[in-house]
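Here's the structure, in structure tokens; my notes come after.
Fair warning: this is a prediction, and the values are worked out from it, not measured in the lab.
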Amino acid sequence: MRLVDWIVFFAFLAYVVWDGVRRRAGAKDLEGYYAGGRSIPWWAAGLSIMATQASAITVIGTTGQGHEGGLEFVQSYFGLPFAMVLLSIFLVPYYRSRNVLTPYELLEERFGPASRSLTSLVFLCSRCLALGIVIYAPAVALSAILGIGTTTAVLLIGVLTTGYTLVGGVSAVIWTDVKQMSVILIGLVIVFGMLLWDLLPQFSFGKMLELAGAADKLGALELTPAHESLWPRSHADIERHIGEPSFWEEKYNVWSGLFGGLFLHLSYFGCDNSQAQRLLTGKDAAQSKKSLLMSAFAKVPMQGFVLLIGVLMWLFYATHGQPMLFKPDHQVAAEKAELAPRVAALQIEFDAAWAERKASMEQLAALDGLPAEHPEQVARFQRAVRAVADVRARARKTVAPDTPNPKDTNDIFCRWILDEMPPVLLGLIIAAIFAAAMSSIDSVLNALSAATVVDFYRRWLRPACSEREALRAGKVVTLLWGATATFTALFFAGGGSIIERINEVGSWFYGSLLGIFVMALFVRRAGDLAGALGLCGGMAAVLLVHNTWKVEFLWYNVVGLVGVLLVGGVTALFVPRRSPG
């Protein structure tokens, strides 16, 4: 990075911290610290909801996911608009019926203290684990840019964000999120424009999409697993696809996105306090509904846009050449004396495969008509695409043999901006990555603090404490959660797509969280025992399915929900609630 990039980057960081700290005047009591005085406008809450979910995971992980897997990941968001509508109909009026600071307070009124405390504990565990991943994501970028260790980068991000969140409360979180979301969108548009500026002289936009489609990068509507959609199916087809995933094992298709994704987003936006907290900051239920519907209409197009950026990066590297290894750690390992001969041989193989991919792509682009009209050329191109991916996979395994999943998905975006972005814009893009990181970290820290103080400290440890004492405890707890999450982030270094890992961690818990709120609304016979046992049953069901069958993580949300309703419903038949709530 040049001096001007440093100036842009640190100027933005200084502004965000200042903007958060100056909100401290509105955080003089718990209502202000955790609910913004119920005075946050719907559009600001809506942008904060989007910024919290966007995070550096979207900027880094989703672009890398688009480079590697194309648009297929967008299918996991197909259930989101339906989830937002259902939340607006059922959960928002329920939440706004009381002036609560966490949604879990309502569970004590409906079930009892055990259900409330257990649900809040599940939230605390799930979000702390996920927050570790959220902190780790931008640390990857910072480490690559500054040449410092990932541990140092993690500590820098964690300390900075914890500081202004501790001082300013949820008002600082939401209003800094508004600015951060703006920087994120500006940064993504700049990257998209630069990719088009480079590629359009060589291919029309339509031709780019045709080539990406021929490389299987536009599979945004997978109704069945690829091997089940072949028709007619010859004996050779069947043999070739033996061992490929079944319907339940395939990671992304329309049905897992609509159903698994529906329950994931119902729980995340409705039952996870880091998002549900936004629904409690407006002056009434109508404001809360508007903030949800804003995300319903904007999130899927935004996610598709970010994935498309990743697809264009793939075309850029297919045209101009690309590294065999994107991850800096892998590049360092490749220089070791004992690995150098094997890596050199793989590099020769990779260069040949890449040259064949480029030649076959240019041949396909020069032909008239759609690629489907030239099956032989498409087959040649697809073989070359698979060959490049195969050599890269073997190279990663060679330099990182002890890593279970040595992918470099999260390093692709970082490598591209470092190599291609001009001065000033590079500083802005790095600022966008950090804006995305802080917009997620601050939200979760404040939500973790709220659940700890409201559902445990003030409920069990010091029920008679004053408002001032509770607020002081909240700030101490914010500091402790920031330290815990930062420390947790150090254990998430490794391979795999960050955007997938964050959703996978959430899916272990979210179906069960959703299940207990569904019981609260619709299973009137259920009491505290049914709620507590139902929540445990949902978690156990996810664990059982994970250890017994090969089911992809989006379906865990459905399994958890069904497990809660079955166990809780059966318990309610034998032990009904003792008094109405």
Side-chain angles (χ1 to χ4, degrees), residues 16-42 44-45 47-49 51-52 95-96 98-106 108 116 120 123-124 127-128 131 158-180 272-284 287-288 291 438-485:
V16 168
V17 173
W18 170 81
D19 188 52
V21 170
R22 73 188 181 98
R23 306 286 174 179
R24 64 185 181 277
K28 298 300 186 183
D29 54 21
L30 290 186
E31 188 84 0
Y33 196 67
Y34 292 130
R38 318 281 179 183
S39 62
I40 303 296
W42 67 268
L47 283 174
S48 180
I49 288 172
T52 299
Y95 287 170
R96 299 314 302 263
R98 304 283 192 277
N99 276 334
V100 294
L101 295 175
T102 77
Y104 315 122
E105 290 183 79
L106 294 169
E108 180 165 0
R116 171 188 176 179
S120 187
F123 159 71
L124 292 175
R127 292 314 293 170
C128 184
L131 186 55
V159 169
L160 190 66
T161 311
T162 301
Y164 75 77
T165 305
L166 184 153
V167 174
V170 75
S171 292
V173 169
I174 290 177
W175 288 112
T176 54
D177 282 354
V178 170
K179 281 84 169 178
Q180 289 159 349
D272 184 312
N273 193 42
S274 67
Q275 291 288 1
Q277 189 181 31
R278 302 298 179 281
L279 308 180
L280 307 175
T281 60
K283 66 179 181 179
D284 53 34
Q287 293 277 305
S288 300
S291 64
M438 291 185 290
S439 66
S440 290
I441 298 167
D442 56 13
S443 304
V444 179
L445 284 179
N446 190 260
L448 289 169
S449 175
T452 304
V453 171
V454 174
D455 296 324
F456 292 97
Y457 182 81
R458 203 169 64 166
R459 174 62 181 84
W460 297 107
L461 299 178
R462 295 295 301 274
C465 70
S466 66
E467 190 82 2
R468 184 175 181 179
E469 180 185 348
L471 179 61
R472 187 165 56 248
K475 293 184 177 182
V476 171
V477 168
T478 300
L479 179 61
L480 292 176
W481 274 119
T484 302

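Of the listed residues (Q180, Q275, R278), just one forms a side-chain contact (heavy atoms from CB on, under 4.5 Å) with S48, and that residue is R278.
Between atom CH2 of residue W42 and atom CD1 of residue I49 there is a gap of 11.0 Å, rounded to the nearest 0.5 Å. The CD1 atom of I441 lies 8.0 Å from the OH atom of Y164; values are rounded to the nearest 0.5 Å. Put simply, CG on L131 and CG on L445 are 5.5 Å apart, with the number rounded to the nearest 0.5 Å. Between the CG atom of L480 and the CG atom of L166 there is a distance of 9.5 Å, given to the nearest 0.5 Å. Annotation: the span from R458 atom CZ to S466 atom OG amounts to 10.5 Å, rounded to 0.5 Å.
With hydrogens and angles disregarded, no donor-acceptor distance shorter than 3.5 Å links the side chain of T161 to the backbone of G158. Distance alone, capped at 3.5 Å, places no donor-acceptor pair between the R23 side chain and the I174 backbone.
The shortest heavy-atom contact between S39 and G36 is OG-O, 2.9 Å. L280 and A35 get closest at one heavy-atom pair: O-CB, 4.0 Å. Residue A451 comes nearest to L124 through the heavy atom pair CB-CD2, 3.8 Å, listed as atom of the first residue, atom of the second, then distance. For the residue pair E31 and L101, the shortest heavy atom distance occurs at OE1-CD2, 3.9 Å. Minimum heavy-atom separation, E469 to R462: OE2-NH1, 2.8 Å. Nearest heavy atom pair, residue W481 against residue S449, reads CD1-N, 4.0 Å.
Residues satisfying the salt bridge (Lys or Arg N to Asp or Glu O under 4.0 Å) criterion with R468, sequence neighbours excluded, are absent altogether. Under the side-chain contact (heavy atoms from CB on, under 4.5 Å) criterion, R459 pairs with E108, P113, R116, sequence neighbours left out.
L279 is not listed as a side-chain neighbour of Q287, based on a closest heavy-atom distance of 4.5 Å or more. Side-chain contact between L160 and V16: absent, with no pair of heavy atoms (C-beta onward) separated by less than 4.5 Å. E105 has its side chain out of reach of R98: every pair of non-hydrogen atoms, C-beta onward, lies at least 4.5 Å apart. Between Q277 and T102, the closest side-chain pair of non-hydrogen atoms is not below 4.5 Å. Between L448 and F123 the shortest side-chain heavy-atom distance falls below 4.5 Å. The shortest side-chain heavy-atom distance between F456 and L461 does not fall under the 4.5 Å cut-off. W18 has its side chain out of reach of V21: every pair of non-hydrogen atoms, C-beta onward, lies at least 4.5 Å apart. Within the 4.5 Å cutoff, side-chain heavy atoms of T165 are placed close to those of V173.
Side-chain contact of Y33 with E467: a donor-acceptor pair under 3.5 Å is absent, judged by distance alone. No side-chain donor-acceptor contact under 3.5 Å links N273 and Y104.
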Test side-chain contact (heavy atoms from CB on, under 4.5 Å) applied to V100 and V454, step by step: CA-CA 9 Å; V100 294; V454 174; over 6 Å; no

